[in-house]
Amino acid sequence: MTRAWPLLACVAACAGGELDPPREAAAPPPFSSPPVARDLEPRADVVKIALRAAPLDASGARLGYDGASPGPTVRARVGDQVEITLDNALASPTTLHLHGVHLPYEMDGDGHGAPPVAPGEAFTYRFVADRAGTFWYHPHVGAVEQVRGGLYGALVIDGPDDPRVDDVVLVFSEIPGDAVAPAPHPHATPQSLEHRRGQAWLVNGARSPQLALESGSTVRARIVNASSDSPLRFSWPGLRLIGTDQGLLHSPHEVDEVSLAPGDRVEAEWRIGAEPFDVVAWPESFFGPVEGDPVTVLSVASRGGRPAPAPLPWGAPPLAAVDRARTPDAIWVLTGAGPGSDTRINGERFPDVTPTPAARGRDLVLELRNLSSSRHPMHLHGHAFRVLSVDGQPPPFDSWEDTTELEPFSTRRVLVQPDLGGEWMAHCHLLTHVDGGMATILSVR
Ligand code: C2O
Ligand code: CU
Ligand code: CU
């Protein structure tokens with residue numbers, strides 16, 4: 001989160017400015033969290049939801065669930081039986097992958113454990129919600145086009161002991177299509193062109209929206225990076241993290257900024273005082289931060305003039321003591337640095353990979369070694385993991401994650417507690433890198 005290495009020198013092709021189209025002097029659009037998906041089942045402990053994936057326009061380039069992008073937020077409580085019926089009204093096969101959710105392998109929607117849903121067909125994904133947190137859903141076949149087209153939404157599971165405060169859901173994505181298409185440049189390389197992505201953020205589909213909150217209140221902000229390829233480096237004054245991928249932290253953590261990789265989530269506490277504040281994002285690339293000015297991605301105003309309340313305790317139970325120096329059971333070497341280059345794990349191209357075996361109920365330490373100049377946000381399906389070390393040092397705080405970003409030429413060791421049988425995918429969450437083959441299998445028996 002705080003970076004020790006220098007900003008990349010910005011090549012001519014990524015000089016800031018020209019990407020941002022001139023802003024009209026129109027009033028900022030209002031912010032709203034995506035609507036909550038309607039629960040079709042009256043029984044209290046069952047949540048039944050129908051989601052229809054369909055084009056949003058005649059060209060078929062913009063896609064959404066139930067007529068919107070992001071789609072409605074799926075909400076359940078720990079202990080609920082959740083059933084989501086996906087109706088495919090797209091022209092191509094799709095799946096619903098429930099990113100970060102602990103569920104039976106056949107319900108993972110990875111496109112392998114259960115066949116993709118053909119156009120005109122439907123499939124019902126069923127699981128019991130057993131971990132509280134902020135998750136998200138997206139297709140897992142044709143993902144570059146489908147996610148970039150707008151198919152994603154948040155999935156929130158409330159825990160029994162969560163403090164009772166209002167929350168807001170912020171699903172970040174990029175302006176689709178031409179607004180981020182790089183202009184041709186004589187010195188452009190695929191890498192410098194990719195630098196230019198991630199500079200035109202949308203929050204819940206709106207550009208730089210404005211939100212007014214009651215002063216004196218506490219709000220839980222649930223933040224998802226649903227971009228296909230761009231890291232979101234953001235901050236606001238007094239940024240206090242209360243949760244990451246797999247729910248609340250043991251104790252809140254104050255940070256200057258957050259670099260949120262595609263697929264990654266954090267939760268933060270907003271204590272609303274009389275002062276308005278802006279959420280700003282810096283230009284960022286998957287090779288590292290790039291030079292340029294921050295842009296305001298969300299403005300938060302306050303009503304009523306009351307002072308900010310005291311921080312809430314939030315804490316989840318502490319994580320168990322762990323042997324950070326334990327010898328890894330397997331090593332995954334990540335190579336390849338960009339679209340058009342061969343992105344691989346252990347030199348293999350998915351799906352032609354050697355699965356890494358794991359036994360249910362037996363802890364497993366994986367060493368992830370990034371031997372490339374690109375970051376790679378590595379994600380494991382169906383399981384949480386704990387980062388044991390980053391280049392041999394303990395991470396700044398302990399947490400359960402399902403996505404963790406490796407800086408260029410860095411190594412992380414993670415602890416997995418495999419408890420669900422299946423051929424679980426693990427991959428970089430830059431979708432162009434998955435397309436290049438950067439995925440493997442953790443085979444849990
Ligand atoms: Cu968010 Cu394999 O996915
Ligand atoms: Cu996933
Ligand atoms: Cu990658």
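By convention here, the first residue in the shown sequence is residue 1. Whatever order the structure lists ligands and atoms in, that order sets their numbers, starting from 1. Here the structure is a predicted model, which is why all the values come from computation and not from measurement.
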His97 backbone or side-chain N/O/S under 2.8 Å from the Cu ion (ligand 2): yes
Name of the His376 atom (N/O/S only) found closest to the Cu ion (ligand 3): ND1
Exercise: do Ser399 and Arg386 side chains pair donor with acceptor under 3.5 Å: no
Atom name of the N, O or S atom in His99 that lies nearest to atom 1 (Cu) of ligand 1: ND1
Pair Asp158 + Arg77, salt bridge at N-O below 4.0 Å: no
Short side-chain donor-acceptor distance under 3.5 Å, Glu401 and Thr244: yes
The Cu ion (ligand 3) to nearest N/O/S of Cys428 below 2.8 Å: yes
His140 near atom 1 (Cu) of ligand 1: N/O/S under 2.8 Å: no
Flag for Asp402-His99: side-chain donor and acceptor within less than 3.5 Å: yes
The Cu ion (ligand 2) reached by His379 (N, O or S, under 2.8 Å): yes
Atom 1 (Cu) of ligand 1 - closest N/O/S atom in His429: NE2
Qualifying residue, where the test is side-chain contact (heavy atoms from CB on, under 4.5 Å) with Tyr137 and the options are Thr73, Leu98, Thr95, Ile84: Leu98
Electrostatic pair Arg362:Asp329 at N-O distance under 4.0 angstrom: no
Name of whichever N/O/S atom of His433 is nearest to the Cu ion (ligand 3): ND1
